[in-house]
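Only a predicted model underlies this, so the values are computations on that prediction, with no experimental measurement involved. Letters go in sequence order (proteins before strands), and every chain restarts at 1.
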Amino acid sequence: MRNQYTPVYEIVAQIPFGRVTTYGTIARVVPVPRGARGVGWALAQTPATQLIPWWRVVSATGRITSPNAYEQYDRLLAENVPMLAELHVNLSAVLWHPVPQ
DNA sequence: ATTCTGACGCAGG
DNA sequence: ACCTGCGCCAGAA
């Protein structure tokens, strides 16, 4: 099913292994209700059955703020994503910028 | 209809 | 670096 949040999933699906982007960055390239918050909302609805790399999206500061923060943290570590501290991605090293759809 | 809760971002302090 | 408040407003109850 395609809804107004579908563009968000299409962008997230393109984030490369080992790279990360932010809620706000996505909200700036595709129209999403409520901007960055809407992106977070959309990811929260992502069915576990779908293979969308939701763990590659963090906040503008690099902080991991999802409800399942540690699962996300572990998944990123598994991709060798550099951290500044626990639950804190070194964004300047791995930030990925999406291309407008 | 009304209330409540946010996977944000930014501007202070 | 940390914390707080605020704008934003869809969805759930």
Side-chain angles (χ1 to χ4, degrees):
Chain A
M1 43 152 284
R2 176 166 257 281
N3 59 33
Q4 58 189 151
Y5 295 100
T6 300
V8 172
Y9 302 127
E10 297 180 334
I11 290 289
V12 176
Q14 298 178 342
I15 307 175
F17 181 99
R19 301 294 297 288
V20 166
T21 193
T22 75
Y23 302 99
T25 299
I26 293 172
R28 283 194 289 274
V29 296
V30 291
V32 187
R34 284 149 52 239
R37 301 199 72 132
V39 172
W41 187 89
L43 292 183
Q45 310 308 307
T46 307
T49 56
Q50 304 200 235
L51 39 172
I52 292 178
W54 54 266
W55 59 89
R56 295 178 186 151
V57 183
V58 300
S59 66
T61 58
R63 261 342 231 265
I64 294 175
T65 56
S66 65
N68 35 0
Y70 281 96
E71 180 192 344
Q72 180 170 7
Y73 180 51
D74 292 339
R75 283 176 180 268
L76 290 174
L77 286 178
E79 297 189 0
N80 292 308
V81 170
M83 300 290 167
L84 294 176
E86 199 174 270
L87 301 180
H88 194 176
V89 175
N90 181 348
L91 264 189
S92 63
V94 294
L95 179 62
W96 175 79
H97 196 273
V99 177
Q101 297 304 287

field: Contact state string [nucleotides 2-13 of chain C, B base, S sugar-phosphate only, - no protein heavy atom under 4.0 Å]
entry: S----BBBSS--
query: A:Tyr9 has an atom OH; how far is it from atom C1' of B:dA7, in whole Å?
result: 12 Å
- prompt: In whole Å, what is the span from the CD1 atom of A:Ile15 to the P atom of B:dA7?
  reply: 18 Å
- prompt: Can you check the A:Arg28 CZ to B:dG9 C1' distance for me, whole Å?
  reply: 9 Å
message: Quick check: do A:Val89 and A:Leu84 have side-chain heavy atoms less than 4.5 Å from each other?
response: no
- prompt: With no hydrogens and no angle check, is any side-chain donor or acceptor of A:Arg75 less than 3.5 Å from a backbone partner on A:Trp55?
  reply: no
Check: A:Thr61 main-chain N/O paired with A:His88 side-chain donor or acceptor under 3.5 Å: yes
task: With rounding to the nearest 0.5 Å, note down the distance linking CG in A:Leu76 to CZ in A:Arg19.
output: 13.0 Å
query: Atom CD of A:Gln72 and atom CG of A:Asp74: how far apart are they, to the nearest 0.5 Å?
result: 10.5 Å
task: Tell me what A:Ala44 touches on the nucleic acid: a base, only sugar-phosphate, or nothing, going by heavy atoms under 4.0 Å.
output: base
message: Counting only side-chain nitrogens and oxygens, does A:Thr65 get under 4.0 Å of the OP1 or OP2 atom of B:dC8?
response: yes
- prompt: Which whole-number value in Å describes the distance from A:Ile52 CD1 to B:dA7 P?
  reply: 17 Å
query: If you look at every strand shown and take non-hydrogen atoms under 4.0 Å, does A:Gly24 touch a base, only sugar-phosphate, or nothing?
result: sugar-phosphate
Integer-rounded Å distance: B:dA7 P and A:Glu71 CD: 15 Å
task: Specify the separation, in whole Å, of atom CG of A:Asn68 and atom C1' of B:dA7.
output: 8 Å
Side-chain donor-acceptor pairs of residues 26-48 of chain A under 3.5 Å, sequence neighbours excluded:
| residue | atom | partner | partner atom | Å |
| --- | --- | --- | --- | --- |
| A:Gln45 | NE2 | A:Trp41 | O | 3.4 |
| A:Thr46 | OG1 | A:Ala42 | O | 3.4 |
| A:Thr46 | OG1 | A:Leu43 | O | 2.9 |

